[in-house]
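Working notes, beginning with the structure itself.
Below, read A as the first sequence line, B as the second, and so on, with proteins coming before strands; counting in each chain starts at 1.
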Protein chains: 2
Amino acid sequence: MEAKESLKAHVAKITTLTDEQFDYFFSHFKKKSFQKGQAIITGGDPVDCEYFVISGCLKSFFINDELKMFILQFAMPTWWASDYNALYNHTKATINVDCITDAEVLCLTNADREKLCNELHNAEHFFRWRTNKGYVAAQKRLLSFMNNNVKYRYEELLKLYPELYNIVPKNLIAAYLGVSRETLSRLYHS
Amino acid sequence: MEAKESLKAHVAKITTLTDEQFDYFFSHFKKKSFQKGQAIITGGDPVDCEYFVISGCLKSFFINDELKMFILQFAMPTWWASDYNALYNHTKATINVDCITDAEVLCLTNADREKLCNELHNAEHFFRWRTNKGYVAAQKRLLSFMNNNVKYRYEELLKLYPELYNIVPKNLIAAYLGVSRETLSRLYHS
DNA sequence: TTTCAAATGTGATGTAGGTCACACAGGTAC
DNA sequence: GTACCTGTGTGACCTACATCACATTTGAAA
């Protein structure tokens, strides 16, 4: 089964679970399929899962009062997505997650993650490591935001994730870079 | 002993350690004192500790090619600071940490943190939780950067950390907000 | 008390990127 | 086919903030 193998390989990069342990770990995940454009987490709703991407591409984003969209993250296969603030603090979502393409994900509830972390020391280790990576990446992006202009950030993004260029429309790239689609367009024409 | 009590109270918010466990945990920390202006982590050097602040105020910051400074974080008592990217990946520091005021800190090496996480499941839980908080905060700040103007971000900062107003000079506040000190000055005069 | 450096205020001017408006191309539904 | 919607390019103009230059305040050192 493809989903199980994908998660297993992902976890194995960080920690070692026996087959029985991994089967138990995996039994807490629920596979779901979504279509292009479908919402997974909607602002204002309660959030109780995080999502491990098996196939397709998600985006997590914020919409401000003027309905302008800001993209926090694109999530490709083996990436995780959720509104972590809402998930950990049991508040309503302020972040949305939806599908840029058709997608398959594995859902893990907050309660099950905490249960797994409690029962399996290695699971806790895995999730600590994963959040570390996210934290370091978020800090890097913040620095790039302060330090670099749009052109640099655009090239940095494409160098890091070349696959995005083909999958993601330019207006979403612009929303990730925190720039207007017009300005982004003018970067590589005119 | 004040440092020990401070760390104990901090850890107790998240997890429960017996007195013996905490004593063992604490035995891996080394207390150090620094003076105002003194460097704790210097760009280019290897990084092997993270720092828990007992008293005083630190800043972690990045200096770009044009010698412009960007502040990632102010660290007040009970906050943690390091160059986490360098610390986890065993690379040279790209982030600096120094003292805005005289400061006392508890140092924990990367190796000792990993050892503690390995030996005490609760320690791993604590550090997972701590990084979660940092991750969520970094994402929030990123969103605020994309969404809000300088004036809003300045007021947001002072509302969240009013003590900074008295301790930290305005040019450092500006470096945190990612704005020139002149622009910051013009916000609340003229 | 004088001296000096760090921190701060403020004017003049430059510029990256935003906003608005409109055009056009390529799919998809009917 | 026609109609429509999403994505994209581009000109004209606007605005927030940067940069440079210089003045002023403040506080610590000598």
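A parallel orientation is assigned to the rings of A:Phe26 and A:Phe22, their planes being inclined by less than 30° (bins at 30° and 60°). Classification of the B:His10-B:Phe52 ring pair by plane angle, with boundaries at 30° and 60°, yields tilted.
Between the P atom of C:dA6 and the CE atom of B:Met69 lies a distance of 13 Å, rounded to the nearest Å. Regarding B:Leu67, its CG atom lies at a distance of 13 Å from the P atom of D:dT19, rounded to whole Å. Going from atom CG of B:Asn147 over to atom C1' of C:dG17 covers 16 Å, rounded to whole Å. B:Lys36 places its NZ atom 10 Å from the C1' atom of C:dA6, with the value rounded to the nearest Å. The nearest whole Å value for the distance from the NZ atom in A:Lys170 to the P atom in D:dG9 is 7 Å. Counting to the nearest Å, the C1' atom of D:dT24 and the NE2 atom of B:His189 are 12 Å from each other. Between the P atom of D:dG9 and the CG atom of A:Leu187 lies a distance of 11 Å, rounded to the nearest Å. If you measure from atom CG of A:Leu172 to atom C1' of D:dT8, you get 13 Å, rounded to the nearest angstrom.
Side-chain proximity of B:Thr183 to D:dC17, C:dG18, D:dT8: nearest is D:dC17. Listed nucleotides D:dT19, C:dT8, D:dT8 differ in distance to B:Glu182; the shortest reach to its side chain belongs to D:dT19.
Distance alone, capped at 3.5 Å, places no donor-acceptor pair between the B:Asn118 side chain and the B:Glu114 backbone. With B:His125 contributing its side chain and B:His121 its backbone, the two residues share no donor-acceptor pair below 3.5 Å.
If you check distances only, the side chain of A:Arg181 never reaches the base of C:dG18 with a donor-acceptor pair under 3.5 Å. Scanning atom types as modelled, no donor and acceptor separated by under 3.5 angstrom connect the side chain of A:Arg186 and the base of C:dG18.
At the phosphate of D:dG9, OP1 or OP2 sits under 4.0 Å from a side-chain N or O atom of A:Ser185. Residue B:Tyr188 places at least one side-chain N or O under 4.0 Å from the OP1 or OP2 atom of C:dG9. Applying the 4.0 Å criterion to OP1 and OP2 of D:dG7, one finds that A:Asn171 has a side-chain N or O inside that range. Phosphate contact (OP1/OP2 of D:dT19, side-chain N/O of B:Lys68, threshold under 4.0 Å): present.
Summary of the strand contacts: A:Asn149 and B:Pro169 both lie near DNA chain C, and taking for each the nucleotide with the nearest heavy atom, the more 5' one is attributed to B:Pro169.
Within the 4.0 angstrom heavy-atom criterion, only backbone atoms of the sugar-phosphate kind lie near A:Gly178; the bases stay farther away.
Residue B:Tyr161 is tested with B:Tyr154, B:Tyr176, B:Trp79 for a ring pair (Phe, Tyr, Trp, His ring centres under 6.0 Å); the sole match is B:Trp79.
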